[in-house]
Amino acid sequence: MKGVFFAALLMASPAVAQSPQFADLSNTIPEHHYSGGWEYFVGGGVAAFDCSDNGLPDLFLAGGEGPALLLRNMGGMAFAPHDTGLTGVTGAYPLDIDGDGVLDVFVLRVGPNVVLRGLGDCQFEDATEALGIDAGAGWSTAFSAWWDAGANRPSMFVGNYVDRDDPKGPFFACDDNQMLRAYGKGWTSAPFGPGFCPLSALAAPDARDRMTLRLSNDRHYYVRGGHEQMWDIEDGRFLGADDGWPELMLWGMGIASRDITGNGLADVYLTSMADQMLQLAQRDGTYRAAPFSMGHTAHRPFTGDDGRPSTGWHAQWGDVTNNGRVDLFVAKGNVDQMPDLAMADPNNLLLQGPDGTFSEAAHLAGLADPARSRGAALVDLDGDGRLDLVVINRRAPARLYRNVTEGVGNWLAVDLRQGGVNRFAIGARVTVDTETASQWQDITIGGGHAGGQLVPLHFGLGDATGADVHVRWPDGEETRHSIGAVNQHVTLRPE
C-alpha cells in the first residue's frame with residue numbers, strides 16, 4: 001500500500017462544496033418506530049445491502065417490540081415496504097453466511113436470534129436451524145464476522161447484553177457472549193467471556209495490523225470491574241497492558257473505524273454517554289486519545305439550551321461532499337429519561353477541514369434532529385455518488401434524507417467479488433490513489449450500533465479525474481487496476 005502521511009493529505013484542497021445539504025424525505029416511507037420497554041432502550045440498527053440485485057442498497061430496519069421493516073430500493077429514493085414478520089429485533093447485519101453468493105441477514109433479537117437466508121429478489125427464509133446455527137436465547141446487541149484462514153465459512157461473534165434471568169440484575173449481570181466458529185458444514189457454539197455488556201463489536205486490523213475483535217462495552221451495567229476489550233483473533237487471547245492496551249472504561253455504544261491521519265492504520269471513534277472518544281492509531285501498535293482541539297467530541301448538544309452531556313449511538317465515517325476528506329455522522333439521543341443527560345440532543349455531522357480538525361454542520365445540512373436516535377446508515381441510496389442517510393429513532397419515526405449537495409467533488413464506488421466461499425471478499429483492503437492523495441478502506445462486518453452495511457466502498461476524490469486502485473484480497477493476493485473515468489461504480493475481481 002502506498003504510504004501517505006497526514007501532511008500530504010492536507011496539501012489537497014479540491015474546489016468543491018463545503019456546506020452539505022440534505023432533503024428530508026421521511027414522509028415518503030412508512031412511519032416506523034423502534035419501540036418497546038427497557039429491553040429496547042439500546043439497539044435499533046439499520047442493515048444496508050443490495051438484496052434485489054439492482055445496484056442500489058435496500059434497508060432492513062429494526063423495530064424492537066414492533067415489526068422489523070424491509071425497504072426495497074426501487075430507485076430514485078423510492079422504497080417499497082415489506083413486513084418481515086419479525087419482532088423483538090434489536091439490529092441486523094448483512095453477510096453471505098452460506099457462501100452461495102446471495103446476501104443473508106443475521107438478525108439480533110431479544111430472545112433467539114434469526115438467520116435469514118437470501119433467496120434472491122429480496123426474498124428470505126429462516127434458515128437458522130437448517131444452517132446449524134445456535135440461535136441463543138439472550139439479549140443480543142452486537143455482532144461481527146470474519147473468515148479465519150482456511151475456513152469454509154465465516155466465524156461470527158454475538159454480543160449479549162444484560163442476563164434477563166439473573167435475579168440479582170440488571171447491574172453486575174452482563175451475560176456471556178457467543179462465539180460461532182466454522183466447523184464442517186456448520187458452526188460450533190461456545191460462550192465467550194468475560195462479558196461486559198457489549199453494544200458494538202468489530203473484527204478488523206488493529207494498530208498492530210493484526211486481526212483483532214474490538215468490543216465496546218456499556219459501563220452502565222458492568223458498573224465496575226469491566227472495560228473495553230480487544231481480543232487477538234489469531235492468538236485467541238485478550239490484549240492487556242503488556243500489549244500496550246490499557247483498561248479503558250466507557251459507556252460504550254458504537255464503533256467507527258477509518259484511517260483519518262494517513263499513516264496507514266485505522267483510527268477508531270467510540271460513542272458513549274457523556275463523551276465521544278477518538279483513538280488515533282500509532283505506529284508502535286498503540287492508540288492515543290485525540291486532543292480535544294480536533295473538535296470531534298460532540299460531548300454536549302450544539303443547539304438549544306440543554307447543556308447536559310450527550311449520549312452517542314451509531315457513528316460512521318463518510319465523505320459527504322466528496323472533497324477527499326472523510327467526515328463523521330453521530331446519532332445521538334437520551335437512553336430514555338435519564339435526567340443527568342441531555343434530552344434534546346441533535347445528531348451531529350462533523351466535517352473534516354484541511355487541517356484535520358472537525359466542525360459542526362448538522363444544522364446547516366438539515367440533519368440536526370433532536371429525536372432519540374439510535375442506528376443509522378450513511379450510504380449512497382440513489383447511485384448518484386452522494387452519501388444519503390437513514391436514521392432509526394426511539395419514540396419517533398425513522399428519518400430518510402437525500403444528499404442534494406451541489407458542486408460536490410468526484411467519486412468512485414468500489415465493489416469486490418471473488419470465487420470460493422467468501423465471495424464478497426470480507427477482509428480485503430482497497431486503496432485508491434490519485435495525484436493528490438491516497439485513501440484506503442477494509443471490507444468488514446461489524447461496528448456501528450446494532451447495524452451494518454455491505455455495499456460498495458465509497459471514496460470522495462475531490463478534483464481528481466482518474467485513480468489507481470490497489471486491492472489486497474483476503475488470501476493475500478494483490479491486484480492493481482487503473483481507473484480512467486471517475487464518478488462510477490466499478491466491480492473488481494482477482495486476476
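Residue numbers count from 1 along this sequence. Every value quoted in this text rests on a predicted model; they were computed, and no experiment measured them.
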Inset, instruction - Could you go through the side-chain hydrogen bond (donor to acceptor under 3.5 Å, both in side chains) check for D232 and T212 one step at a time? - result: CA-CA 5 Å; D232 187 295; T212 308; 4.9 Å; no
Inset, instruction - Apply the test side-chain hydrogen bond (donor to acceptor under 3.5 Å, both in side chains) to residues W147 and S155: give CA-CA distance (whole Å), side-chain angles for both, the deciding distance (0.1 Å), then the verdict. - result: CA-CA 6 Å; W147 260 259; S155 293; over 6 Å; no
Inset, instruction - Let me see the working for D235 and R210 under salt bridge (Lys or Arg N to Asp or Glu O under 4.0 Å), right down to the final yes or no. - result: CA-CA 10 Å; D235 288 352; R210 290 178 60 88; 3.3 Å; yes
Inset, instruction - Report the C-alpha distance between Q279 and D267 in whole Å, list the side-chain angles of each, state the deciding distance to 0.1 Å, and finish with yes or no for side-chain hydrogen bond (donor to acceptor under 3.5 Å, both in side chains). - result: CA-CA 6 Å; Q279 291 187 313; D267 309 296; over 6 Å; no
Inset, instruction - Let me see the working for R423 and D96 under salt bridge (Lys or Arg N to Asp or Glu O under 4.0 Å), right down to the final yes or no. - result: CA-CA 8 Å; R423 301 195 188 188; D96 183 8; 5.1 Å; no
Inset, instruction - Show your working on side chain to side chain contact (heavy atoms under 4.5 Å, CB included) between Q316 and V330 and close with a plain yes or no. - result: CA-CA 7 Å; Q316 188 175 340; V330 183; over 6 Å; no
Inset, instruction - Quick one: do D442 and T444 satisfy side-chain hydrogen bond (donor to acceptor under 3.5 Å, both in side chains)? Show the steps, please. - result: CA-CA 6 Å; D442 288 335; T444 58; over 6 Å; no
Inset, instruction - Test L248 against M277 for side chain to side chain contact (heavy atoms under 4.5 Å, CB included), laying out the working first. - result: CA-CA 11 Å; L248 178 67; M277 175 176 289; 3.7 Å; yes
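Shown here are the salt bridge (Lys or Arg N to Asp or Glu O under 4.0 Å) partners of D53, two or more places apart in sequence or in another chain: there are none. Partners of F196 according to the ring-ring contact (aromatic ring centres under 6.0 Å, His included) rule, which considers only residues two or more places apart in sequence or in another chain, are Y222, H227.
When only modelled atom types and interatomic distance are considered, N160 and W139 share no side-chain donor-acceptor pair under 3.5 Å. Between the side chains of Q229 and N217, at least one donor-acceptor pair of N or O atoms lies under 3.5 Å.
In this structure, L239 and D243 approach most closely via the heavy-atom pair CA-OD2, 3.4 Å. The shortest heavy-atom contact between G118 and D100 is O-OD2, 4.2 Å. For the residue pair N177 and G159, the shortest heavy atom distance occurs at OD1-CA, 3.4 Å. Here the closest heavy-atom approach between residue A377 and residue A48 is recorded as CB-CB, 4.4 Å. Shortest non-hydrogen contact noted between S189 and D134 is OG-OD2, 2.9 Å. Scanning all heavy atoms of the two residues, the minimum distance from A142 to P198 falls at CB-O, 4.0 Å.
The structure places CD1 of I133 at 8.0 Å from CZ of R153, a figure rounded to the nearest 0.5 Å. The SG atom of C174 sits 9.5 Å away from the CG atom of D163 when rounded to the nearest 0.5 Å. Within the model, atoms CG of L367 and OH of Y401 stand 6.0 Å from one another, a figure rounded to the nearest 0.5 Å. How far CG of D415 is from OG1 of T491: 4.5 Å, rounded to the nearest 0.5 Å. To the nearest 0.5 Å, atoms CD (Q439) and CD1 (I260) are separated by 12.5 Å. Distance CG/D148 to CD/E234: 9.5 Å, rounded to 0.5 Å.
The backbone N or O of W313 lies less than 3.5 Å from a partner atom in the side chain of T271, making a donor-acceptor pair. The closest donor-acceptor contact from the side chain of D126 to the backbone of T128 lies under 3.5 Å. Between the side chain of N403 and the main chain of R386, no donor-acceptor pair closer than 3.5 Å is present. Under a 3.5 Å cut-off, the side chain of N348 and the backbone N or O of F329 do not form any donor-acceptor pair. A donor-acceptor pair is defined here as one N or O able to donate and one able to accept, closer than 3.5 Å; no such pair exists between the side chain of H470 and the backbone of R480. In this structure, the side chain of N73 engages the main chain of L381 through a donor-acceptor pair within 3.5 Å. In this structure, the side chain of S26 engages the main chain of L400 through a donor-acceptor pair within 3.5 Å. Side chain of R472 to main chain of T431: no donor-acceptor pair is present (N/O by atom type, distance under 3.5 Å, no hydrogens or angles). The backbone N or O of P191 sits nowhere less than 3.5 Å from a side-chain atom of D176 that would complete a donor-acceptor pair. Checking side-chain atoms of H449 against main-chain N and O of G43 turns up a donor-acceptor pair under 3.5 Å.
Between F157 and F192, the ring planes are perpendicular. Angles over 60° get that label, and only those under 30° would be called parallel. Ring-plane geometry between Y40 and Y34 is classed as perpendicular, the angle between the planes exceeding 60 degrees on a 0 to 90 degree scale with a lower cut at 30. The aromatic rings of F143 and Y93 sit tilted relative to each other, their planes meeting at an angle between 30° and 60°.
For the pair L349 and V320, the minimum side-chain heavy-atom distance is below 4.5 Å. Annotation: side chain of V471 is not in contact with side chain of E478 (no heavy-atom distance under 4.5 Å). Within the 4.5 Å cutoff, side-chain heavy atoms of L116 are placed close to those of V114. Counting heavy atoms from C-beta outward, R402 and F22 have side chains that stay 4.5 Å or more apart. The shortest distance between side-chain heavy atoms of L199 and S216 does not fall below 4.5 Å. Counting heavy atoms from C-beta outward, R72 and H82 have side chains that approach closer than 4.5 Å. Inter-residue side-chain proximity for L71 and I29 is flagged as met; some heavy-atom pair is nearer than 4.5 Å. L250 has its side chain out of reach of R219: every pair of non-hydrogen atoms, C-beta onward, lies at least 4.5 Å apart.
Annotation: cation-pi geometry satisfied between R214 and Y287 (NZ/CZ under 6.0 angstrom from ring centroid, within 45° of ring axis). A cation-pi geometry, defined here as NZ or CZ lying under 6.0 Å from the six-membered ring centre and within 45° of its normal, holds between R429 and W440.
A ring-centre distance under 6.0 Å is not found for W231 and W245.
Residue-environment remark: CH2 (W187) exceeds the threshold of 12 foreign heavy atoms within 6.0 Å. Within a 6.0 Å sphere centred on CD of E247, heavy atoms belonging to other residues, nucleotides or ligands number 12 at most.
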List the atom pairs, with distances to 0.1 Å, where a side-chain N or O of residues 83-90 and a protein N or O form a donor-acceptor pair under 3.5 Å, not counting sequence neighbours.
| unit_1 | atom_1 | unit_2 | atom_2 | d |
| --- | --- | --- | --- | --- |
| D83 | OD1 | G85 | N | 2.9 |
| T84 | OG1 | A68 | O | 3.0 |
| T84 | OG1 | L86 | N | 3.2 |
| T90 | OG1 | L108 | O | 3.3 |
| T90 | OG1 | S140 | O | 2.7 |

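Each of N322, D380, D319 was evaluated against H458; a single residue qualifies, N322, per the side chain to side chain donor-acceptor pair (under 3.5 Å) test.
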